[in-house]
There are 2 protein chains.
Amino acid sequence: MRQDPDGPHLRSGQVARRAGVNPQTLRYYERRGLIAEPARSPGGHRAYPPETVTLLTVIKAAQRLGFTLDEVAELIDTGRRGHPTPDLRARAQAKIAEVDARIADLTTIRTALTQVVTAGCDSLTNCTCPDCPLPYAGLATGRTPAEDRPS
Amino acid sequence: MRQDPDGPHLRSGQVARRAGVNPQTLRYYERRGLIAEPARSPGGHRAYPPETVTLLTVIKAAQRLGFTLDEVAELIDTGRRGHPTPDLRARAQAKIAEVDARIADLTTIRTALTQVVTAGCDSLTNCTCPDCPLPYAGLATGRTPAEDRPS
DNA sequence: GGTAAGCCTGTACTCCGGTACCGGATGCAA
DNA sequence: TTGCATCCGGTACCGGAGTACAGGCTTACC
């Protein structure tokens with residue numbers, strides 16, 4: 001982890017190629033606060049330290065774990081200075097809960113779809129199959145049908 | 001299913017309230033081709049047949065099953081005239097496959113997150129835990145690190 | 001007839017993660 | 001020094017499903 005200000009800096013295209021991202025994405029991440037503003041050449045071209053490539057692969061790994069870019073930015077900040085926000089373990093646990101909830105939703109949807117298939121539904125609006133499950137493809141509608149009073 | 005053109009038409013706000021959607025959503029669905037352009041009052045206000053409320057609940061049910069609005073529009077069309085496109089059963093089966101794939105993705109993510117938690121990772125960038133799984137939170141990166149040749 | 005609620009059209013904005021395009025400047029090698 | 005690849009900043013756009021707002025007109029009720 002060298003910090004030599006005269007080290008072997010990379011240009012944006014090299015960083016992008018090595019990290020496997022679009023060059024535009026570097027500027028985007030910079031705007032989003034995920035990567036620091038790099039040094040500049042006299043002409044204004046960005047000069048990145050080589051660690052930036054590693055940082056980008058870390059960002060991509062975190063994204064694959066389901067974290068949003070805002071969350072990744074916070075996780076990076078948290079790791080850099082003390083721990084002003086909940087740490088990685090806590091956030092990973094919270095994310096697991098999110099993932100579980102999403103899986104539960106999808107499982108419910110899957111069940112309903114299976115019922116549609118096995119019942120032999122043939123139309124959304126005019127299904128002729130017996131015991132058509134479509135009207136009950138509710139999945140917690142939350143509808144209370146009493147909101148029609150003329151004010 | 002009355003089609004009486006002088007029937008008890010509803011105004012957009014009434015339809016929206018009965019179906020539990022935002023009034024703007026009606027015009028949006030009309031633009032998207034999900035609901036037909038309704039009759040108009042002499043002053044230009046939309047006058048919906050009561051079946052529109054049912055149609056909206058059908059649309060919402062189909063959305064809860066994971067269909068996009070484009071897919072819902074097609075399903076409604078398919079049901080109205082013959083079957084020029086694959087029918088509901090086939091589409092439901094395809095959707096089940098999509099859902100299964102998504103669940104598999106989430107399960108992989110869940111496993112990786114669990115590894116992060118059990119290994120006790122404490123930082124994305126400087127994890128000090130033994131056998132840190134973060135660098136391998138790969139989930140099929142597909143990276144071939146050989147794209148750096150100076151052209 | 002007055003007044004308020006509701007509706008009209010058109011346009012712009014939201015979230016999320018980027019991507020694309022533009023005209024002009026820079027870097028680098030031959 | 002020339003030529004070409006690359007980079008710059010700024011802005012606009014993608015998809016998906018809506019939501020919000022502005023400015024004006026209609027409808028309904030008293």
Subject >> Test side-chain contact (heavy atoms from CB on, under 4.5 Å) applied to R102(A) and V99(A), D100(A), L106(A), the passing residue >> reply: L106(A)
What I'd like to find out is whether the side chain of [X] reaches to under 4.5 Å of the side chain of [Y], using heavy atoms alone.
| X | Y | answer |
| --- | --- | --- |
| Q63(A) | L69(A) | yes |
| F67(A) | L113(B) | yes |
| R46(A) | H9(A) | no |
| L26(A) | Y48(A) | yes |

Original post:
When you check every protein heavy atom under 4.0 Å of nucleotides 10-23 of chain D, what one-letter string (B, S, -) results, 5' to 3'?
Top reply: B------BBSBB--
**OP:** Respond yes when some side-chain nitrogen or oxygen of S12(B) is under 4.0 Å from OP1 or OP2 of dC8(C), and no when none is.
**Re:** yes
Original post:
When you check the side-chain N and O atoms of H45(A) and R40(A), is any donor under 3.5 Å from an acceptor?
Top reply: no
Original post:
R11(A) has an atom CZ; how far is it from atom P of dA5(D), in whole Å?
Top reply: 13 Å
**OP:** Could you tell me the separation between the OH atom of Y48(A) and the P atom of dG27(C), rounded to a whole number of Å?
**Re:**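 Taking atom P of dG27(C) as the reference, OH of Y48(A) is at 15 Å.
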Original post:
Under 3.5 Å, side chain of T25(B) to main-chain N/O of V21(B), donor-acceptor pair present?
Top reply: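 Side chain of T25(B) to backbone of V21(B), a donor-acceptor pair under 3.5 Å: no, none is there.
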Original post:
Ion pair present between R27(A) and E30(A), side-chain N to carboxylate O less than 4.0 angstrom?
Top reply: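 Salt bridge flag = no for E30(A) with R27(A).
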Subject >> Sorted by number, the residues of residues 37-46 of chain B with heavy-atom contact under 4.0 Å to DNA chain C >> reply: R40(B), G44(B), H45(B), R46(B)
